[in-house]
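Please read these numbers as outputs of a predicted model, since none were measured by experiment. When reading the values below, keep in mind they use all heavy atoms of this one structure, side chains included, and skip hydrogens, waters and symmetry mates.
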Amino acid sequence: MGVVKLKKIPSPRLRAEVSVRAATVGATNIESQPARLREVLDVAACLFHEKGYRSTSLTDIANALGINKASLYHYVRSKEDLVRQLILRASQRLRDVSRNPTIDILAPDQALELLIREHCEVLLDCPNEIGLLIQQRKFVEPTVLLEISERERTYVSHLRGVIARGVTQGLFRTTDISVATALVLDTVNGLLRWYRPNGKLTRSEVIEATWKFVRGGLTPNVAKRRQREK
């Protein structure tokens, strides 16, 4: 998965540190952030995604916001802190997708469809943030990277569990669960590379096509033959 290629950081000290931080920063609800901070993060995400992290300065971000650089320090401590907040926010969005209680009570194929469609919605709503999560996470400090990885594991674990249930129940073809999970994630995250709002397909058509592609890859061969025979 573009978003979830987890880097293992084995230090027990780091894990203990992250568990403490998760109770504060990690638990922050996105919508509870001050409106001005959300605006700062949104503008920064756009510039980081378009120009790259290294090529974007705090002065660039302040100019885009129409404020001076000194005012920007009211919201962030540094450029590193800014990208950290953005990547944490992006990883939280994906973690929240997997926390939908409906997923655990739906049949595996329906649960997978819900996950795929909601993942697509998050990605298309927040392409700049998710792009940062995928492409520029190397710029965040190790403790934050570990916190991001922990959030991603929540999402990946739910997705893997849904696929495993589907295989067990015969709704999905027999396959390596880890490989299938990675391929599904790469398919959805691939939208960042080629989808354009003014392109050939509408947003809803893109989401539908993505789900059909994923479903087709997991559908048992017998079921596919029956569909062709109809």
Side-chain angles (χ1 to χ4, degrees), residues 1-9 11 13-97 119 121-152 154-155 189-198:
M1 169 190 179
V3 167
V4 187
K5 288 183 179 177
L6 305 178
K7 296 182 180 179
K8 295 183 179 180
I9 306 175
S11 168
R13 180 184 62 79
L14 286 180
R15 291 190 176 278
E17 198 171 324
V18 165
S19 65
V20 173
R21 295 178 64 154
T24 53
V25 176
T28 301
N29 185 285
I30 294 170
E31 298 307 319
S32 71
Q33 293 176 327
R36 187 57 166 166
L37 174 58
R38 293 201 301 270
E39 183 182 4
V40 169
L41 293 175
D42 290 342
V43 169
C46 183
L47 290 176
F48 284 147
H49 189 59
E50 290 179 355
K51 298 177 59 177
Y53 175 78
R54 292 191 182 280
S55 299
T56 303
S57 67
L58 287 182
T59 300
D60 294 330
I61 295 168
N63 290 340
L65 287 162
I67 62 176
N68 59 51
K69 184 177 177 181
S71 298
L72 195 58
Y73 286 113
H74 177 71
Y75 303 99
V76 294
R77 297 188 301 272
S78 63
K79 190 168 79 165
E80 292 77 12
D81 178 50
L82 185 51
V83 79
R84 166 188 167 275
Q85 290 193 51
L86 279 167
I87 293 179
L88 282 172
R89 190 169 73 162
S91 66
Q92 181 176 331
R93 292 185 193 279
L94 290 178
R95 182 188 63 180
D96 290 347
V97 167
H119 188 157
E121 294 283 1
V122 168
L123 187 146
L124 297 178
D125 282 342
C126 312
N128 297 324
E129 282 183 33
I130 303 300
L132 276 172
L133 182 63
I134 294 172
Q135 299 161 358
Q136 305 198 48
R137 60 195 298 156
K138 61 187 176 182
F139 297 116
V140 302
E141 60 194 59
T143 52
V144 177
L145 183 59
L146 180 57
E147 187 175 348
I148 292 167
S149 297
E150 293 294 343
R151 293 181 181 194
E152 291 174 340
T154 300
Y155 179 78
N189 293 325
L191 294 181
L192 281 173
R193 294 191 297 272
W194 63 267
Y195 172 72
R196 298 293 179 271
N198 57 350

Do [X] and [Y] come close enough that some side-chain heavy atom pair is under 4.5 Å?
X     : Y     : answer
Leu82 : Val40 : yes
Val76 : Arg84 : no
Thr56 : Glu50 : no

With sequence neighbours left out, write down each residue that passes side chain to side chain donor-acceptor pair (under 3.5 Å) with Lys51, or none if nothing qualifies.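 Result, side chain to side chain donor-acceptor pair (under 3.5 Å) vs Lys51: Asp60.
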Sub-3.5 Å donor-acceptor pair from the side chain of Ser71 to the main-chain atoms of Ile67, do we have one? no
Start with the C-alpha distance between Arg89 and Asp42, add both sets of side-chain angles, then the distance that settles side chain to side chain contact (heavy atoms under 4.5 Å, CB included), and finish with yes or no. CA-CA 11 Å; Arg89 190 169 73 162; Asp42 290 342; 2.7 Å; yes
Please test Ser78 against Asp81 for side-chain hydrogen bond (donor to acceptor under 3.5 Å, both in side chains), starting from the C-alpha separation and ending with a verdict. CA-CA 5 Å; Ser78 63; Asp81 178 50; 5.6 Å; no
Looking at Glu129 and Arg93, is any side-chain nitrogen of the basic one under 4.0 Å from a carboxylate oxygen of the acidic one? yes
Could you walk me through whether Tyr73 and Leu58 pass the side chain to side chain contact (heavy atoms under 4.5 Å, CB included) check? CA-CA 9 Å; Tyr73 286 113; Leu58 287 182; 3.6 Å; yes
Residues two or more places apart in sequence or in another chain: which of them pass side chain to side chain contact (heavy atoms under 4.5 Å, CB included) with Asn63? Thr59
For the student: nearest non-hydrogen atoms of [X] and [Y], plus distance:
X      : Y      : result
Ile130 : Leu123 : CG1-CA, 4.1 Å
Asn128 : Cys46  : ND2-CA, 3.5 Å
Leu192 : Pro127 : CD2-O, 3.6 Å

Quick one: ring pair (Phe, Tyr, Trp, His ring centres under 6.0 Å) pairs with a partner in residues 40-68, sequence neighbours left out? Phe48-Tyr53, Tyr53-Phe139
For Arg151 and Gln92, what are the C-alpha separation, side-chain angles and deciding distance, and is it a side chain to side chain contact (heavy atoms under 4.5 Å, CB included)? CA-CA 7 Å; Arg151 293 181 181 194; Gln92 181 176 331; 3.2 Å; yes
Evaluate the criterion side chain to side chain contact (heavy atoms under 4.5 Å, CB included) for residue pair Leu94 and Thr154; output intermediate values, then yes/no. CA-CA 9 Å; Leu94 290 178; Thr154 300; over 6 Å; no
